[in-house]
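As a basis for the values below, the full set of heavy atoms in this structure was taken, side chains included, without hydrogen atoms, waters or symmetry mates. Values in this document were obtained by computation on a predicted structure and should not be read as measured data.
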Amino acid sequence: QVQLVESGGGLVQAGGSLRLSCAASGLPFSDYAMGWFRQAPGKEREFVAGITRSGSRTDYADSVKGRFTISRENAKNTVYLRMNSLKPEDTAVYHCAAKFYGVPTMTNCDYWGQGTQVTVSS
């Protein structure tokens with residue numbers, strides 16, 4: 001049974017930082033590209049960041065470039081999202097997702113986590 005379990009969310013003031021983690025189990029983690037997505041209240045889910053299987057390449061939404069960093073540790077079956085300079089508009093439920101041998105998008109991921117809430121106060 002595949003599981004993706006996010007952690008690290010919480011309440012933070014604007015300008016603060018958080019690091020999200022996503023622990024994967026039940027799948028050959030290094031065979032999966034990973035992505036972070038978020039969904040704010042009343043809005044559609046959107047792509048935040050993605051990372052290739054080896055971690056050699058990353059991609060970011062324009063809204064988070066320069067502030068967020070995605071990374072992974074294949075030995076620990078874990079992907080991270082470091083979020084700096086947080087803004088109130090970053091408030092959302094953050095989900096990690098796994099895509100087998102491909103680029104993770106909102107419509108093609110094979111597995112999704114339940115999400116972790118991030119709330120940024122002004």
Side-chain angles (χ1 to χ4, degrees):
Q1 180 183 359
V2 175
Q3 282 193 309
L4 301 178
V5 180
E6 301 94 337
S7 61
L11 174 63
V12 63
Q13 288 189 330
S17 297
L18 285 173
R19 188 180 81 156
L20 306 183
S21 299
C22 171
S25 60
L27 77 172
F29 186 70
S30 60
D31 286 346
Y32 284 78
M34 299 297 294
W36 285 97
F37 300 81
R38 68 186 180 185
Q39 187 164 17
K43 294 187 177 181
E44 293 188 353
R45 189 173 294 185
E46 63 176 358
F47 170 79
V48 176
I51 188 166
T52 56
R53 291 175 290 126
S54 67
S56 60
R57 287 187 295 154
T58 57
D59 189 26
Y60 298 92
D62 288 343
S63 59
V64 307
K65 278 181 183 176
R67 300 189 297 123
F68 290 11
T69 303
I70 188 171
S71 61
R72 66 189 294 162
E73 287 189 77
N74 285 350
K76 295 184 177 181
N77 288 4
T78 302
V79 62
Y80 306 96
L81 185 68
R82 176 68 180 182
M83 305 185 295
N84 295 329
S85 302
L86 282 161
K87 304 175 181 180
E89 52 263 43
D90 294 318
T91 295
V93 176
Y94 284 72
H95 300 265
C96 68
K99 176 68 181 82
F100 183 70
Y101 274 86
V103 177
T105 70
M106 285 185 291
T107 58
N108 73 353
C109 288
D110 300 290
Y111 303 104
W112 289 85
Q114 290 297 309
T116 185
Q117 176 71 47
V118 171
T119 303
V120 185
S121 63
S122 57

Without swapping roles, check the side chain of T116 against the backbone of E6 for a donor-acceptor pair under 3.5 Å.
no
With rounding to the nearest 0.5 Å, note down the distance linking CG in L4 to OH in Y111.
9.0 Å
Give me the atom names and distance for the closest heavy-atom approach of A98 to M34.
CB-SD, 3.5 Å
Closest non-hydrogen atom pair between V120 and T91, with its separation:
N-OG1, 2.9 Å
Could you tell me whether the side chain of R38 reaches within less than 4.5 Å of the side chain of S63, counting heavy atoms only?
yes
Test log, rule side chain to side chain contact (heavy atoms under 4.5 Å, CB included), inputs L86 and F68
CA-CA 9 Å; L86 282 161; F68 290 11; 3.8 Å; yes
For S54, is there any backbone N or O sitting under 3.5 Å from a side-chain donor or acceptor partner on N74?
no
To the nearest 0.5 angstrom, please state how far the OG1 atom of T58 sits from the CZ atom of R72.
12.0 Å
Note, E73 side chain near Y80 side chain (heavy atom, < 4.5 Å)
yes
Interatomic distance, CG@D59 vs CD1@I51, rounded to 0.5 Å, equals 11.0 Å
Determine, stepwise, if the pair D90 / K87 fulfils salt bridge (charged side-chain N to carboxylate O under 4.0 Å, His left out).
CA-CA 5 Å; D90 294 318; K87 304 175 181 180; over 6 Å; no
Answer yes or no: is there a donor N or O on one side and an acceptor on the other, between the side chain of R82 and the main chain of T69, under 3.5 Å?
no
Please find the pair of heavy atoms, one from D110 and one from Y32, that lie closest to each other, and give the distance.
OD2-CE2, 4.0 Å
Nearest 0.5 Å please: distance from the CZ atom of R53 over to the NZ atom of K99.
10.5 Å
What heavy-atom pair brings G115 and V93 nearest, and what distance separates the two atoms?
CA-CG1, 3.8 Å
Evaluate W36 against V79 for side chain to side chain contact (heavy atoms under 4.5 Å, CB included), listing each step before the verdict.
CA-CA 9 Å; W36 285 97; V79 62; 3.9 Å; yes
Could you list who else is in F37's hydrophobic cluster, with ILVMFWY side chains joined at under 4.5 Å, directly or through other members?
F47, M106, W112
If you look at every heavy atom in R45 and H95, which pair is closest and at what distance?
NH2-NE2, 3.6 Å
Minimal non-hydrogen separation, V103 against N108, with atom names:
O-ND2, 2.8 Å
For Q114, look at atom CD and say whether over 12 heavy atoms of other residues, nucleotides or ligands are found less than 6.0 Å away.
no
